Amino acid sequence: MIGKLRVVNSLTKQKEEFVPLNAPHVGMYVCGPTVYSDVHLGNVRTFISFDVIYRYLQFLGYKVRYVRNITDVGHLLDSGEDKISKKAKLENLEPMEIVQKYTNDFRQVMDTFNALPPDIEPTATGHLMEQIKMIQELLANGYAYESNGSIYFDISKYNEDRQYGKLSGRKTEDLLNQTRELDGQSDKRNPLDFALWKKAAPEHIMRWNTQWSDGFPGWHLECSVMSTKYLGEEFDIHGGGMDLKFPHHECEIAQNAGSTGKEGARYWLHTNMLTVNGQKMSKSLGNSFLPEQLITGNHELLERGYSPMTIRFFMLQSHYASTLDFSNEALNAAQKGYTKLANGLRLIKSYEYPQNAEGDLNQKQVDQINKICDNCHYAMNDDFNTALTIGHLFNLVKKINSIQTGQLKFTDIGEETFNRMKQTFIAFTEDVLGLKLESEISTDNLLEVILSEYKAAKESKDYDKVDELRAKLKAEGVIVKDMKSGVDWAFEE
RNA sequence: GGUCCUGUGGCCGAGUGGCUAGGCAGAGCUCUGCAAAAGCUCGUACAGCGGUUCGAAUCCGCUCGGGACCUCCA
């Protein structure tokens with residue numbers, strides 16, 4: 001390993017060396033989507049960021065267990081309605097049909113962006129027993145109370161022993177002065193208290209029977225429960241979007257500490273927001289577009305569509321903790337930049353160091369290339385700085401292109417350096433950043449080009465060429481069909 | 001209102017005490033049948049004003065601008 005990995009920990013607001021609890025194992029939990037509608041582009045950014053983090057940890061040799069939940073119950077609207085229930089009523093479907101539909105969509109979208117699936121993708125409804133158990137523990141420890149069939153987390157009690165708000169830097173007194181009126185608040189002893197279990201109103205369709213009531217779990221609980229179950233009471237990394245810091249992650253810490261005595265994650269990583277014209281991209285502002293729309297260009301804010309890898313590249317050109325502004329100009333620039341990088345990848349993959357090459361080493365070139373390779377490691381080690389890494393990769397692209405044009409000879413850099421460059425470039429581009437070649441070349445159109453050559457050869461009675469083309473196409477599984485009506489092709493049977 | 005982040009060249013975007021980030025756009029050169037690709041070179045960038053320092057885009061203070069969170073959101 002070259003250098004040491006350092007990460008910015010939201011918990012301490014410091015850049016710290018990353019030391020896993022049980023190396024070579026690393027446990028990472030990321031808050032996943034609530035599957036009640038199409039996945040938001042902001043989610044995509046967050047999950048692409050953590051995909052790179054996951055990939056880089058693996059690249060460093062860690063055995064990572066990546067857990068990302070699917071929220072399929074308990075996430076409420078201001079009105080007190082469950083998001084999934086509401087959608088189910090709207091579309092006249094079972095809640096679980098909604099869940100399945102948007103889970104499928106979500107996975108498909110993430111796959112389009114070449115994000116690896118997590119190792120465990122647990123659902124809230126699949127862990128009700130565990131949630132009930134954690135509520136019982138919190139009750140037993142005195143950090144929760146029952147009220148009208150609902151169970152709430154007791155912030156005042158918790159504050160006697162610990163400090164609620166340490167992650168987001170909030171003070172309970174300040175929070176108390178500015179809470180809004182919410183449904184069911186009258187059952188709480190303190191407006192800051194949050195629901196662990198809510199008694200279901202008669203019209204509420206997602207409900208489970210417990211000793212307290214027919215009800216459903218609170219939104220924050222699932223993450224505490226599932227991270228503890230799969231990663232332990234203490235684990236390495238917890239990630240999510242900045243906007244989950246408060247209250248969601250704060251509540252998670254409180255639940256973990258209140259039930260197990262340990263606060264869960266040791267390193268908290270938060271991704272920043274996507275913006276459009278400087279404003280946060282959000283559903284309520286109407287300035288957001290779906291991943292699908294960004295790819296097809298079917299949205300009034302978009303001049304054209306952009307390929308999935310262009311979008312992934314665009315996102316990785318900024319640091320995950322910075323906001324990233326979307327504009328057609330920036331996306332166009334990314335499109336060209338990505339193509340340049342992809343061409344470099346295609347080239348280097350096709351190159352092998354030639355046998356029997358003779359010539360003197362150019363030490364300056366050797367040193368430069370080795371330094372750039374080192375820099376890729378240093379950049380990723382510095383809190384997963386993908387933007388800087390891409391900068392270094394472009395420096396390697398220049399070297400690769402110079403080999404193609406002959407301005408740089410294989411012998412200038414020697415076999416060892418060439419192989420290191422090739423290995424480093426491919427590993428960082430494909431394995432770490434998850435950027436892959438995507439061909440936008442249409443096979444059909446290429447066939448058209450070849451068939452028109454075929455027709456031309458036939459018309460000029462160049463039968464040697466006709467036979468040659470026909471044979472070559474056959475070798476590729478394409479049969480040329482010479483018909484009275486014209487020339488077409490078919491798959492070889 | 002409270003808490004916090006941020007302001008980098010035409011655009012995007014890293015960096016955060018002295019060392020060329022990078023991409024896109026632009027200019028020049030090399031190569032070239034044409035066109036392109038590619039390589040090389042260039043533009044005297046760090047919101048403003050003070051301060052600390054041998055030295056600041058980078059630290060501190062103030063001013064101005066932008067934004068986020070404060071129980072919908074990744």
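Nothing here was measured: the structure is a model prediction, and the numbers come from that model. Proteins get letters first, then strands, A, B, ... in listed order; numbering begins at 1 in each. All heavy atoms count here, side chains included; hydrogens, waters and symmetry mates do not.
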Task: Inter-nucleotide C1' distance (B:C64, B:G48), Å rounded - done: 7 Å
TODO: Given ring pair (Phe, Tyr, Trp, His ring centres under 6.0 Å), test A:F418 with A:F410 step by step and report yes or no.
DONE: CA-CA 7 Å; A:F418 171 79; A:F410 281 100; 5.2 Å; yes
Open item on the list: Using a heavy-atom cut-off of 4.0 Å across all strands, would you classify A:M281 as base, sugar-phosphate, or nothing?
Closed with: base
Task: Atom pair distance, as rounded to whole Å: NE2 in A:H392 and P in B:U20 - done: 13 Å
TODO: Can you label the angle between the A:F428 ring and the A:H377 ring as parallel, tilted or perpendicular, going by 30° and 60°?
DONE: perpendicular
Task: Shortest non-hydrogen separation from A:N381 to A:Y56 and the atoms involved - done: OD1-OH, 2.9 Å
Task: Per-nucleotide protein contact string for nucleotides 28-45 of chain B, where B marks a base within reach and S marks sugar-phosphate only (heavy atoms under 4.0 Å, - for neither) - done: ----------SSS-----
Task: Whole-Å C1' distance, B:A74 and B:G18 - done: 39 Å
Task: P spacing across the pair B:A21 / B:U58, given as an integer number of angstrom - done: 16 Å
Open item on the list: Classify A:K280 by what it touches in the nucleic acid, base, sugar-phosphate, or nothing, heavy-atom distance under 4.0 Å.
Closed with: base
Task: Atom-pair distance (NZ on A:K87; C1' on B:C73), nearest Å - done: 15 Å
Open item on the list: What's the gap between B:C24 and B:A56 when it is taken at their P atoms, as a whole Å value?
Closed with: 33 Å
TODO: Look at A:R68 together with A:E121 and state whether they make a salt bridge at an N to O cut-off of under 4.0 Å.
DONE: yes
Task: Residue met sooner reading RNA chain B from 5', once A:I390 and A:T271 are mapped to nucleotides - done: A:I390
Task: Heavy-atom closest contact (A:T411 atom, A:Y353 atom, distance) - done: CA-OH, 3.6 Å
- [ ] Could you state the atom-to-atom distance from CH2 of A:W219 to C1' of B:A74 in whole Å?
- [x] 10 Å
TODO: Taking all non-hydrogen atoms of both residues into account, name the closest pair between A:G218 and A:Q131 and its distance.
DONE: O-OE1, 4.3 Å
- [ ] Please work out if A:Q335 contacts a base, only the sugar-phosphate, or nothing of the nucleic acid, heavy-atom cut-off 4.0 Å.
- [x] nothing
Task: Under 3.5 Å on both distances, the Watson-Crick or G-U partner of B:C54 - done: B:G18
Open item on the list: Can you check the distance between B:A25 and B:G66, where both ends of the measurement are the C1' atom (answer in whole Å)?
Closed with: 25 Å
Task: Check: A:H40 ring centre within less than 6.0 Å of A:F289 ring centre - done: no
Task: Gap between atoms CG and C1', on A:N332 and B:G26 respectively (whole Å) - done: 17 Å
- [ ] Inspect the contact between A:D119 and A:R65 and indicate whether a charged nitrogen and a carboxylate oxygen are less than 4.0 angstrom apart.
- [x] no
Task: Whole angstrom value for the distance that separates C1' of B:U71 from CD1 of A:I155 - done: 11 Å
- [ ] Over all heavy atoms of both residues, which pair between A:G241 and A:H249 is shortest? Give the atoms and the distance, please.
- [x] O-CE1, 4.3 Å
Open item on the list: I'd like the P distance from B:A36 over to B:C29, given in whole Å.
Closed with: 14 Å
Open item on the list: In whole Å, I'd like the distance from the CE atom of A:M242 to the P atom of B:C73.
Closed with: 16 Å
- [ ] Name the pairing partner of B:C69, where a pair is Watson-Crick or G-U wobble with both distances under 3.5 Å, or state none.
- [x] B:G2
Open item on the list: Across nucleotides 9-14 of chain B, 5' to 3', mark each nucleotide with B, S or - according to how protein heavy atoms within less than 4.0 Å reach it.
Closed with: --SSSS
TODO: Round to the nearest Å and state the distance from A:L192 atom CG to B:U71 atom P.
DONE: 10 Å
TODO: For B:A45 and B:U20, measure between their P atoms and round to the nearest Å.
DONE: 15 Å
Open item on the list: Between B:G51 and B:A14, how far apart are the two C1' atoms, rounded to whole Å?
Closed with: 28 Å
Open item on the list: When you measure from the centre of the six-membered ring of A:Y143, is the NZ or CZ of A:K157 closer than 6.0 Å and no more than 45° off the axis?
Closed with: yes
TODO: Return the orientation label for the A:H270 and A:W268 ring planes: parallel under 30°, perpendicular over 60°, tilted otherwise.
DONE: parallel
Open item on the list: Please name the nucleotide paired to B:C42 by Watson-Crick or G-U wobble geometry with both distances under 3.5 Å, or report none.
Closed with: B:G26
- [ ] From the options B:G22, B:A74, B:C24, select the nucleotide whose nearest atom is closest to the side chain of A:N395.
- [x] B:G22
Open item on the list: Students often get this wrong, so: under 4.0 angstrom with heavy atoms, is A:G337 touching a base, only sugar-phosphate, or nothing?
Closed with: sugar-phosphate
Task: For B:G7, the Watson-Crick or wobble counterpart (both distances under 3.5 Å) - done: B:C64
Task: Separation of atom CE in A:M380 from atom P in B:G15, rounded to whole Å - done: 13 Å
